[in-house]
Amino acid sequence: MDLKITNTLTREKEVFRPIDPSHVRVYVCGPTVYDFAHVGNARPVVVFDVLARLLRHLYPRVTYVRNITDVDDKINARARENGETIADLTERTAAQYHQDMAALGALPPDVEPRATHHIAQMIALIERLIANGHAYAADGHVLFAVPSMPDYGRLSRRDRDELIAGARVDVAPYKRDPADFVLWKPSADDIPGWDSPWGRGRPGWHIECSAMSWEHLGETFDIHGGGLDLIFPHHENEIAQSRCAFGTHAMANYWMHNGFVTVEDDKMSKSLGNFVTVREVLADWPGEVVRLLLLSAHYRAPLDFSDAGLKEARAQLDRLYQALRNAGDVPAATAAPPSGDLMAALLDDLNVPLAIARLHEAAGRLNRASDPAERSAAKTALRAGGALLGLLQADPEAWFQGGGDLDPAEIERLIAARADARKARNFAEADRIRDALKAKGVELEDGPQGTTWKRG
RNA sequence: GGCCCCGUGGCAGAGUGGUUAUGCAGAGGACUGCAAAUCCUUGUACAUCGGUUCGAUUCCGGUCGGGGCCUCCA
């Protein structure tokens, strides 16, 4: 069965045909490192982590590139504000980012290039664009000449005239055309800059992704991903730069864009101030809960972030882990392929919510079946399907008993005392112990194999 | 103003031209000393108005409502 993905270029669901089936190449826009990542920043990371896992399952070799932007005017401003060096700020923020994304179960990309390590490639690209007549130097800047590209605007479906009509900012005097955008700009002495044919300066926002994808994936590659808000201008301009520099028909054949995380139906964003950092959420919730919440809506649909949503995600994981816990003695095949129904869901444009429903169905089968072979198959389906989604890989006991400041030895002692009371049919005392534990956030379950506990 | 997207049962959230999504919550039952966990049963859902059709929640058009991009933004 074929993988189908919705291609923003055509706004249609298309069968994915890699340029080279023996090596699939993917680029996703990564963070600008000047502050903690918020939950909205984490969504594309989790979504494209699932895509990468799926592609690795389908193809022998995948190169997944996700950059780090470590040169940017926001970085300069923040470093000055903090009274620290730019290097300190970007290194610290990148390390925090790695920790947070790992907590969300996102595997590292195969290559994580940094913008500042690709200045030479950016300059080379800009020189090509000038040579091709697609860019010009003016007043210390280098600008991309939008009218030089006939089909500029194809991705975002807007033409030059509309852009100018809708422009909400003043047009810089050095632009030949109001739609032109900056490739290179001059740096004052007190901000980062690199020597270039146009004097000491720094790159514009878009050129880095063209340079890094070129370096690590080639002139044309398979999939380019990112958030919806990057379609214009960022991805549109990346396409313009790369295609005009290389004279190619496409920068990437498939463009995938994830929907926003919202808060009470508004986009979560720094400018609205309605954001919650990943770090803040992780203080109260397991990373896997946050991951499941981020995966609970289809990747292109908006996803509302709320406490109720986190509770729901936790309840779902509790159910799935409970099924695994109750089947602790059931053997499951390791390294088994995911079940066909779950694969079919993922192959259909990454229908993760449907894949999660398949996980629930497997949990139901596992709970209900008495036949050992059937139970084993259901447990395998849960584990293997979970692996493809980056879920359900923890030990169920750890899931239910981990976290919090509970003392397992003390709990076991009380459980033993309660068992004695129950044996003596002193149910008042047994219930008293159970209620006392419950008040401390420990819930008991009496099963055929004895009493187990979990945090409430 | 231009360009996009969305509107499913109490909630979250898939999907489909005619037949059960799934999970949570609620109700009833089984099991249990009582619970918990689990299992069983249980819900006249598809914004609205037209059109196409034998038949539309699903296709087309209008209306209403919500959101996003056009400036940094995942």
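Everything numeric here is computed off the predicted structure, so don't read it as measured data. Both backbone and side-chain heavy atoms feed into the values below; hydrogens, waters and symmetry mates do not. Every chain is numbered from 1, with letters handed out A, B, ... down the list of sequences.
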[X] side-chain proximity, nearest of [options]:
{"X": "A:Arg434", "options": "B:G33, B:C70, B:A74", "answer": "B:G33"}
{"X": "A:Glu312", "options": "B:A14, B:C24, B:C34", "answer": "B:C24"}
{"X": "A:Asn41", "options": "B:A36, B:U38, B:A74", "answer": "B:A74"}
{"X": "A:Phe427", "options": "B:G23, B:G33, B:C72", "answer": "B:G33"}

Practice problem: Measure from NZ or CZ of A:Arg455 to the centre of the six-membered ring of A:Trp399, then state whether that distance is under 6.0 Å and the direction lies within 45° of the axis. | Solution: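 Yes - A:Arg455 lies over the ring of A:Trp399, closer than 6.0 Å to its centre and within 45° of its axis.
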
Self-check item: Proximity to RNA chain B (any heavy atom under 4.0 Å), residues of residues 372-396 of chain A only
Solution: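 Output list: empty, so none.
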
Exercise. May I ask you to verify if any side-chain N or O of A:Lys267 is less than 4.0 angstrom from the OP1 or OP2 atom of B:C69?
Key: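 Yes, such a contact exists.
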
Quiz item: Within the pair A:Arg319 and B:A37, is there a side-chain N or O less than 4.0 Å away from OP1 or OP2?
Solution: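 So the side-chain polar atoms of A:Arg319 never come under 4.0 Å of the phosphate oxygens OP1 or OP2 of B:A37.
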
Quiz item: Is there a donor and acceptor pair closer than 3.5 Å between the side chain of A:Asn351 and the base of B:G15?
Solution: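 Counting by modelled atom types and ignoring angles, no donor-acceptor contact under 3.5 Å is found here.
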
Detail all sub-3.5 Å separations between protein N/O atoms and N/O atoms belonging to nucleotides 56-61 of chain B.
none

Quiz item: Roughly, in whole Å, what's the span from CZ in A:Arg314 to P in B:A25?
Solution: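 Result: 14 Å.
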
Quiz item: What integer number of Å spans the C1' atoms of B:G43 and B:A56?
Solution: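 Going atom to atom, C1' in each nucleotide, I get 22 Å.
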
